[in-house]
*Asks:* 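I am attaching a structure below and will ask some questions about it afterwards.
Quick note: numbers below take in every heavy atom, side chains included, and nothing from hydrogens, waters or symmetry partners. In what follows, chains are A, B, ... by sequence order, proteins preceding strands, each numbered from 1.
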Amino acid sequence: MFASAVKLVESADYKPKKIKTEDIKKAKKRKQEEEEDSKAKKVKSKDKKVPEVDKKKKPKKEEEQKWKWWEEERYPEGIKWKFLEHKGPVFAPPYEPLPENVKFYYDGKVMKLSTKAEEVATFFAKMLDHEYTTKEIFRKNFFKDWRKEMTSEEKSTITSLSKCDFTHMSQYFKAQSEARKQMSKEEKQKIKEENERLLKEYGYCVMDNHKERIANFKIEPPGLFRGRGNHPKMGMLKRRIMPEDIIINCSKDSKIPAPPPGHKWKEVRHDNKVTWLVSWTENIQGSIKYIMLNPSSRIKGEKDWQKYETARRLKKCVDKIRNQYREDWKSKEMKVRQRAVALYFIDKLALRAGNEKEEGETADTVGCCSLRVEHIKLHPELDGQEYVVEFDFLGKDSIRYYNKVPVEKRVFKNLQLFMENKQPEDDLFDRLNVSTQFMTSILNKHLQDLMEGLTAKVFRTYNASITLQQQLKELTNPDDNIPAKILSYNRANRAVAILCNHQRAPPKTFEKSMMNLQSKIDAKKEQLADARRELKSAKADAKVRRDEKSKKTVESKKKAVQRIEEQLMKLEVQATDREENKQIALGTSKLNYLDPRISVAWCKKWGIPIEKIYNKTQREKFAWAIDMAEEDYEF
DNA sequence: TCCACGACTTAGAAAGAGCCCT
DNA sequence: AGGGCTCTTTCTAAGTCGTGGA
């Protein structure tokens, strides 16, 4: 495996190709700033040998894991790698026709479908229990695309989806998945091993002397497109991706992955200005999909680190920027006022930028700059508060954003002005015929002038991280035990998730599991009462007897009570935590918005094991932060 | 000049793994 | 040992934002 990678390692002291000196300066400057900011450990010089890999032995696992890319010099802007070798993607398994005895019925009569039509029919059959298949748009799109796969005879027979009966097929698949669950240990083990083999062979690449995990090395299988929310394209057929659709990206001097026998790649390119290994164009939106590296990889981690450094730079100038936009609310230029109000929302409410979308191609969702008049209501007074703006719109993934926010008088007056003489479906922040640019582009250009690298999304990162830090300070009680401290952490995390509007559907089993927990608590309480009674009687007993043995009994009973108290406390904390978390998803903010060094520092400060905060995957992703953050880290 | 396209991050749902209780 | 529940992992859709080419 990776023969040429080994070769490369031998000549490890690769030299950078020609780089514009400007870029070098920029990179150096940036690096310096970051070193100061993060008190990062000393960066090794480039000549320092990368851990030598013995070409006879496999790369030592531990050594690979211990690689601290964050201590290495960064590449100049634009160049993403020097060497890249991989095995190409894993394709979806080919379609296996249904057994003869599994029937499809049309208009009450058995009908044998051609393989192609049958395959698409199985996609629908597999989703029969899903709400999707009841939606008109889904059915219409599916039927249209299905007909394209039919033979002409099938096309002339099958003219109405409602006459199609997929239930037998559906039952077959249910039985299949049931059978899979019932498989013996050995069979399951075999499948597991096969998956591991696949991961071992295709799940890794070599990028610049290091073996790195690939995030999604499997090509998306064909199926029916499941958009989120009210998507106009739901139900359309996502076609099967063939090697002929695939662009391979790797280095010239690497072993180029071989296409499956009898096939060719669409293209093999060697572009080290991008990070992806494989790409193809998807047929629903016509957009490009990529195979890229795992979050634990150098290339993703560096970018992530950089993101938080940009947010920290915003921290230094956010006051200035806030003063600036408050001034701009008074501007005589309408464009500037709109920009300033939009920025105020992005900052105060952590809204997304809200780029322009092509109408009718996606679900109707908006962000800040694409808000329409119909999405806000102005209340000069509401529930005893003045100047309240009521937001109600669908954001990313069609998640509803609903919020009533008191705003400053000037903002309120401006909003009234922006809404004057407009229809509900008009843009709140229109372009005023002054510019053809959409508000996001106006805004981001302005932000770029205020701070290098500043864009609308940086505010979300900044506000999320600063909120976590401040909430942790506020909520952590030094006298609390570990579970209580973790509850505080989760609460701080939750404050961020609420700010960012990260929601989830309440788990289907929520009520039930809550009741289960409650009965556990009740049982524990009883147990505690019993233990206390026993302790009491043991004490009384010891008073009378005054011997060693009864003293010992008292001690052990005392311990038992203590233990049960702790267990009860833990359960109660768990219940509170879960209740408060019902509709809130903590994962997204933890993974994408919270500077991990804040969490690491908090753990170090209070002696909380990092495993309580980050699971294995998260620890891998945030290895850089775990390694470098000390307890006094300040975002 | 601008805008469609490309690259990359962020997102919730669903599937899978594993744990705990009976 | 099996069933249910929870936590983790996988999946891929849906955003953001910069830029290259008409």
*Asks:* Just checking A:G354: base, sugar-phosphate only, or nothing, at a heavy-atom cut-off of under 4.0 Å?
*Replies:*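 Sugar-phosphate contact only.
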
*Asks:* Any carboxylate oxygen within less than 4.0 angstrom of a Lys/Arg side-chain nitrogen, looking at A:E119 and A:R240?
*Replies:* yes

*Asks:* Which part of the nucleic acid, if any, lies within reach of A:S441 when heavy atoms closer than 4.0 Å are counted: base, sugar-phosphate only, or nothing?
*Replies:*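 Nothing, no heavy atom under 4.0 Å.
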
*Asks:* Classify A:P295 by what it touches in the nucleic acid, base, sugar-phosphate, or nothing, heavy-atom distance under 4.0 Å.
*Replies:* nothing

*Asks:* Taking side-chain hydrogen bond (donor to acceptor under 3.5 Å, both in side chains) as the criterion, tell me which of A:D427, A:D364, A:D430 meets it with A:R372.
*Replies:*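 Exactly one candidate clears the test, A:D364.
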
*Asks:* Reading DNA chain C from 5' onward, which residue's closest nucleotide shows up sooner: A:K289 or A:G453?
*Replies:* A:K289

*Asks:* Would you find more than 12 non-hydrogen atoms of other residues, nucleotides or ligands less than 6.0 Å from A:E194 atom CD?
*Replies:*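 Yes - once you tally the heavy atoms of other residues, nucleotides and ligands closer than 6.0 Å, there are more than 12.
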
*Asks:* Please give, in whole Å, the distance from B:dA15 P to A:R180 CZ?
*Replies:* 11 Å

*Asks:* Are the charged groups of A:E361 and A:K233 less than 4.0 angstrom apart, N to O?
*Replies:* yes

*Asks:* Quick one: label A:I399 by what it contacts on the DNA or RNA (base, sugar-phosphate, nothing), any heavy atom closer than 4.0 Å.
*Replies:*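 A:I399: backbone/sugar contact only, no base atoms under 4.0 Å.
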
*Asks:* Got a salt bridge between A:D208 and A:R298, using NZ or NE/NH1/NH2 to carboxylate O under 4.0 Å?
*Replies:*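 A salt bridge is present here (some side-chain N lies under 4.0 Å from a carboxylate O).
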
*Asks:* Here's a test of your reading of the structure: between A:G229 and A:R213, which maps to the more 5' nucleotide of DNA chain C?
*Replies:* A:R213

*Asks:* Salt bridge check: are A:E77 and A:K273 linked by an N-O gap of less than 4.0 Å?
*Replies:*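 Salt bridge absent between A:E77 and A:K273.
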
*Asks:* Suppose we call two aromatic rings close when their centres sit under 6.0 Å apart. Are A:Y614 and A:F622 close by that rule?
*Replies:* yes

*Asks:* Are A:F142 and A:F123 near enough that their ring centres are under 6.0 Å apart?
*Replies:*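 Centroid separation for A:F142 and A:F123: 6.0 Å or greater.
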
*Asks:* Using 4.0 Å as the upper bound for N to carboxylate O, is an ion pair formed by A:K616 and A:E620?
*Replies:*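 Salt bridge between A:E620 and A:K616, a charged N being under 4.0 Å from a carboxylate O: yes.
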
*Asks:* Is there a side-chain polar atom (N or O) of A:K300 under 4.0 Å from OP1 or OP2 of B:dT9?
*Replies:*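 The answer is yes; a side-chain N or O of A:K300 sits under 4.0 Å from OP1 or OP2.
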
*Asks:* Whole angstrom is fine here: how far is it from CG in A:D129 over to C1' in B:dA15?
*Replies:* 16 Å

*Asks:* What is the distance from CD of A:E178 to P of B:dA15, rounded to the nearest Å?
*Replies:* 14 Å

*Asks:* Check every nucleotide of DNA chain C for an atom under 4.0 Å from a heavy-atom of chain A, then give the first and the last such nucleotide from 5' to 3'.
*Replies:* C:dC5 to C:dG18

*Asks:* When you check the phosphate oxygens OP1 and OP2 of B:dG6, does a side-chain N or O of A:S279 lie under 4.0 Å from one of them?
*Replies:* no

*Asks:* Could you check whether A:K445 gets within reach of a base, just the sugar-phosphate, or nothing at all, counting any heavy atom under 4.0 Å?
*Replies:*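 Since no nucleic acid heavy atom lies under 4.0 Å of A:K445, the category is nothing.
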
*Asks:* Whole angstroms only, please: what is the NZ-C1' distance between A:K396 and B:dA13?
*Replies:* 14 Å

*Asks:* Mind checking A:R228 for me? I need base, sugar-phosphate or nothing, with any heavy atom below 4.0 Å counting as a touch.
*Replies:*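 Contact class for A:R228: base.
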
*Asks:* Assign A:A363 to base, sugar-phosphate, or nothing according to its heavy-atom contacts below 4.0 angstrom with the strands shown.
*Replies:* nothing

*Asks:* Measure the distance from CD on A:E194 to C1' on B:dG16 and round it to the nearest whole Å.
*Replies:* 17 Å

*Asks:* Identify whether any heavy atom of A:N355 sits under 4.0 Å from a base atom; if not, whether one sits that close to sugar-phosphate; answer base, sugar-phosphate or nothing.
*Replies:* base

*Asks:* I need the minimum non-hydrogen distance between A:L198 and A:K218, along with the two atoms involved.
*Replies:*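 That closest heavy-atom pairing would be CD2-CE, 4.0 Å.
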
*Asks:* State which of B:dC8, B:dA11, B:dA13 makes the closest approach to the side chain of A:R504.
*Replies:* B:dA13

*Asks:* Which part of the nucleic acid does A:G286 contact within heavy-atom distance under 4.0 Å: base, sugar-phosphate only, or nothing?
*Replies:* nothing

*Asks:* Return the CD1 to CD1 distance between A:I584 and A:I498, rounded to the nearest 0.5 Å.
*Replies:* 4.0 Å

*Asks:* Given atom CG of A:D304 and atom C1' of B:dT10, what is their separation to the nearest angstrom?
*Replies:* 11 Å

*Asks:* For A:D245, is there an ion pair with A:K266 - N to carboxylate O distance below 4.0 angstrom?
*Replies:*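 A:D245 and A:K266: not salt-bridged.
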
*Asks:* Hey, is the side chain of A:Y593 poking within less than 4.0 Å of OP1 or OP2 on B:dA11, counting only N and O atoms?
*Replies:* yes

*Asks:* Do the side-chain N or O atoms of A:H502 get closer than 4.0 angstrom to the phosphate oxygens (OP1, OP2) of B:dT10?
*Replies:* no

*Asks:* How long is the line joining CG of A:N249 and C1' of B:dG6, in whole Å?
*Replies:*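 For the pair A:N249 CG and B:dG6 C1', the rounded distance is 13 Å.
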
*Asks:* Let me spell it out: for each of A:M292 and A:N195, pick the nucleotide of DNA chain B with the closest heavy atom. Which residue's pick is nearer the 5' end?
*Replies:* A:M292

*Asks:* Ignoring backbone atoms, test whether A:K307 places a side-chain nitrogen or oxygen under 4.0 Å from the OP1 or OP2 oxygen of B:dC8.
*Replies:* no

*Asks:* Does the side chain of A:R460 get closer than 4.0 angstrom to OP1 or OP2 of B:dT9 through an N or O atom?
*Replies:*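 No, outside the criterion.
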
*Asks:* For A:S287, report the nucleic acid contact type (base, sugar-phosphate, nothing); a contact means any heavy atom under 4.0 Å.
*Replies:* nothing

*Asks:* What does the inter-axis angle of the helix from B:dT1-C:dA22 to B:dT22-C:dA1 come out as, five pairs per end, nearest 10 degrees?
*Replies:* 10°

*Asks:* Quick one: label A:Q503 by what it contacts on the DNA or RNA (base, sugar-phosphate, nothing), any heavy atom closer than 4.0 Å.
*Replies:*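 It contacts sugar-phosphate atoms only.
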
*Asks:* Return whichever of A:R226 or A:L591 has its heavy-atom-nearest nucleotide of DNA chain B closer to the 5' end.
*Replies:* A:L591

*Asks:* Would you mind reading off the distance between A:K357 atom NZ and B:dC3 atom P, rounded to a whole angstrom?
*Replies:* 19 Å

*Asks:* Select base, sugar-phosphate, or nothing to describe what A:K181 touches, counting heavy atoms under 4.0 Å on all strands.
*Replies:* nothing

